[in-house]
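Heads up: numbering here begins at 1 and tracks the sequence.
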Amino acid sequence: AFSALSCGMLHESRNLQTSLLTLAGDIQLMMAKHVDNHQLYDTELEVKSQDDAVVSRSARQELVKPLCCKHDWATEFCMHDIESCLETSVRCYEEAVMRTNRSESHNQFINVSKRLGNVQNEMGVVLMNRATGMEYGPEQEKTLQKSQCAFEAGIGAFKAAVDTTNIALLHSNTGRLMRVWAQACVQYDRDGKRCEFSQQERIYYNKARDHYMKTVHILKDRSAFPMVWDSVQWELSTTFFTMATLLQDFAPLSVKAEEQVEKEVVDLMKKSIRYCDTETESPRQPLAQYRAATVHHRLASMFHNAYRNQSEDHKRKQARSQAEYHYGKACRLFHQLEHPCELTRVQLERVALCEYQLGGQTAAGSKLRTLSTALGYIAECREAMHSIYKELGPDEADTTPGSESATSSDLSKNQTVVSGLVPREESEKLLNILESRLQHLLHMLIKTAASAKSSSHKHHGGKPSRHLSTSQLDQYKKAYAACLRGMADSSTGLMTRIKSMADTLALLPHGL
């Protein structure tokens with residue numbers, strides 16, 4: 001067919017030649033997508049019907065003609081090599097586009113251009129995935145560059161076809177490629193420890209951001225293509241979140257001041273939350289909510305650290321206010337998501353913030369307010385303790401009345417009961433800290449209340465404290481006694497301790 005059509009330049013001949021090249025490109029693309037089934041296709045090619053045999057004989061007669069040889073490549077199948085199939089498909093579509101007169105065959109031109117854009121996207125994705133699994137070096141760099149070229153060529157083809165939706169999709173894929181490239185730029189020292197966040201990483205993450213933003217600008221809003229819109233918003237949030245966490249964990253303090261780094265981290269975290277849709281119901285909603293909770297937790301921890309290290313009074317107050325705000329947001333989201341370990345960890349950090357604040361206070365009234373606030377945060381861990389208890393599941397050693405410590409078989413069995421959200425070891429560490437802080441805070445509150453009462457009796461004729469009622473103080477004393485009893489027996493099993501903690505927290509006053 002190529003041989004017969006190559007001699008003539010009639011409009012019909014050109015259209016048919018374009019159709020044949022397009023068909024060859026389609027077949028090559030199909031082979032690339034089903035490369036795992038190449039053995040099945042090899043077998044099928046051996047089985048021919050009577051009509052197939054006639055066509056094959058006719059094709060062989062044409063293939064020996066000189067003019068046909070220049071298109072041999074279009075019908076050569078490398079079924080074991082995805083990249084070769086895709087490269088041949090690209091070449092087929094490119095030649096088809098060149099042979100199409102845009103003004104005379106507009107629909108055919110659009111159709112082939114879209115096919116060319118699609119196969120270039122397939123090529124870009126294959127190369128990007130290959131580069132992801134490669135070790136850093138010239139070969140990975142070459143593969144990443146080829147992937148980028150494929151995506152750029154695909155965008156060009158879709159622009160020719162005026163296909164804005166697919167242009168947006170390829171910009172999104174290019175954004176993902178830039179993130180892979182950024183990860184490839186990570187440097188390590190001789191001990192295998194990750195180095196500071198580098199300028200090269202920053203460049204590629206910023207390129208990723210730019211491509212995602214182009215996608216957002218092309219789509220304009222969620223109405224036309226909600227799935228693509230949601231995906232790009234999530235990828236944008238991920239890009240900002242990744243940059244922020246890397247800057248926070250591997251701060252480039254050799255080239256930037258800590259205050260500058262913190263300012264940039266805050267800005268990136270806020271952008272991550274802006275593009276993190278926690279309201280729209282979708283399969284991704286829990287992930288988005290967890291991301292938002294994690295961002296608030298990280299911001300709170302950062303402001304908490306700034307509060308401890310800041311010397312200027314107004315900046316200290318601002319840092320404490322921001323820490324309290326973000327801790328509150330993180331707690332609400334972790335509670336909503338039913339992540340008891342994360343919730344308990346955040347509440348304990350809030351307690352630590354109160355304890356540090358307590359160190360700078362001298363007035364009994366201020367101390368009692370801060371202690372009550374800290375104990376209020378601990379009290380809010382009661383539901384988390386119940387959730388951890390349910391997730392881990394009670395073992396025989398803990399539920400049998402008057403039992404001794406667990407046997408080795410019981411212990412082994414109990415250690416295997418681990419929820420995806422509640423790791424046993426993590427739960428035990430958190431419980432140890434919770435017990436320690438609860439006992440310490442209750443002891444301090446009771447002692448401070450007694451001191452305040454003594455001072456009030458001396459100076460005001462024994463008037464009761466304005467900061468703590470007698471009934472509240474009695475509740476704290478009961479909780480303190482229960483706490484001491486619970487911690488007295490060092491052989492008590494984990495599940496019993498968790499239940500005991502939940503019961504003790506129930507004794508604490510509420511609504512303070």
Side-chain angles (χ1 to χ4, degrees), residues 234 237 241 245 269-270 272-274 276-304 320-355 370-394 418-438 441 479 494-495 497-512:
W234 175 254
S237 173
F241 178 73
T245 52
M269 287 291 190
K270 286 180 177 178
S272 178
I273 289 179
R274 185 189 308 163
C276 188
D277 183 4
T278 59
E279 301 300 325
T280 303
E281 290 188 11
S282 69
R284 191 180 277 126
Q285 188 183 27
L287 281 175
Q289 290 172 330
Y290 187 83
R291 159 91 43 86
T294 305
V295 168
H296 283 298
H297 184 195
R298 277 183 166 265
L299 284 172
S301 298
M302 194 181 73
F303 283 118
H304 183 166
R320 190 187 75 195
S321 175
Q322 286 291 316
E324 289 171 349
Y325 169 78
H326 288 291
Y327 276 136
K329 285 276 192 178
C331 283
R332 283 190 287 275
L333 283 165
F334 282 134
H335 179 266
Q336 185 179 343
L337 289 165
E338 298 181 350
H339 281 252
C341 284
E342 283 87 345
L343 176 60
T344 304
R345 194 179 300 113
V346 175
Q347 295 287 28
L348 286 170
E349 285 188 28
R350 295 174 94 180
V351 169
L353 182 65
C354 289
E355 287 186 295
T370 303
L371 286 164
S372 297
T373 300
L375 286 164
Y377 294 147
I378 289 183
E380 290 173 15
C381 294
R382 184 190 175 202
E383 193 174 329
M385 291 296 104
H386 281 304
S387 297
I388 290 172
Y389 187 87
K390 286 179 185 176
E391 288 287 341
L392 291 178
V418 179
S419 163
L421 296 180
V422 184
R424 183 181 181 84
E425 187 178 346
E426 176 72 6
S427 302
E428 190 162 10
K429 286 179 181 177
L430 290 171
L431 181 61
N432 290 339
I433 299 170
L434 197 60
E435 287 174 340
S436 169
R437 299 338 295 155
L438 178 60
L441 290 170
L494 176 62
M495 302 308 297
R497 287 172 60 202
I498 293 172
K499 188 176 184 301
S500 174
M501 174 56 69
D503 293 340
T504 301
L505 297 182
L507 299 173
L508 293 172
H510 298 283
L512 292 174

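Interatomic distance, Arg350 CZ to Thr373 OG1, rounded to the nearest 0.5 Å: 9.5 Å. In this structure, His304 NE2 and His297 NE2 are separated by 10.0 Å, a value rounded to the nearest 0.5 Å.
The shortest side-chain heavy-atom distance between Met385 and Tyr389 does not fall under the 4.5 Å cut-off. Thr294 has its side chain out of reach of Leu333: every pair of non-hydrogen atoms, C-beta onward, lies at least 4.5 Å apart. At least one side-chain heavy atom of Trp234 sits less than 4.5 Å from a side-chain heavy atom of Leu287. Taking 4.5 Å as the limit, some side-chain heavy atom of His296 sits within range of a side-chain heavy atom of Ile273. Residues Cys331 and Glu380 form no side-chain contact, since every pair of their non-hydrogen atoms from C-beta on lies 4.5 Å or further apart.
Counting all heavy atoms, side chain and backbone alike, Cys341 lies closest to Leu430 at O-CD1, 3.5 Å. The shortest heavy-atom contact between Cys381 and Gln347 is SG-CB, 3.6 Å.
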Could you pull out all donor-acceptor pairs under 3.5 Å where a side-chain atom in residues 498-506 meets a protein atom, sequence neighbours excluded?
unit_1, atom_1, unit_2, atom_2, d
Thr504, OG1, Ser500, O, 2.9

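In this structure Glu324 satisfies the salt bridge (Lys or Arg N to Asp or Glu O under 4.0 Å) test together with Arg320, sequence neighbours excluded. His335 meets the ring pair (Phe, Tyr, Trp, His ring centres under 6.0 Å) test with no other residue; sequence neighbours excluded. The ring pair (Phe, Tyr, Trp, His ring centres under 6.0 Å) test applied to Phe241 returns no partner, not counting sequence neighbours. Remark: Ala384 pairs with Pro340, Leu343, Thr344 by the side-chain contact (heavy atoms from CB on, under 4.5 Å) rule, at least two apart or across chains.
Using a 3.5 Å distance cut-off with no hydrogens or angles, the side chains of Ser301 and Glu349 do pair a donor with an acceptor.
Proximity of the aromatic rings of Tyr290 and Phe334 is defined here by a centroid distance below 6.0 angstrom, and this criterion is met.
For the salt bridge (charged side-chain N to carboxylate O under 4.0 Å, His left out) condition, the pairs that include at least one residue of residues 425-438, sequence neighbours left out, are Arg345-Glu426, Glu355-Arg437, Glu425-Lys429, Glu428-Arg497, Glu435-Arg497.
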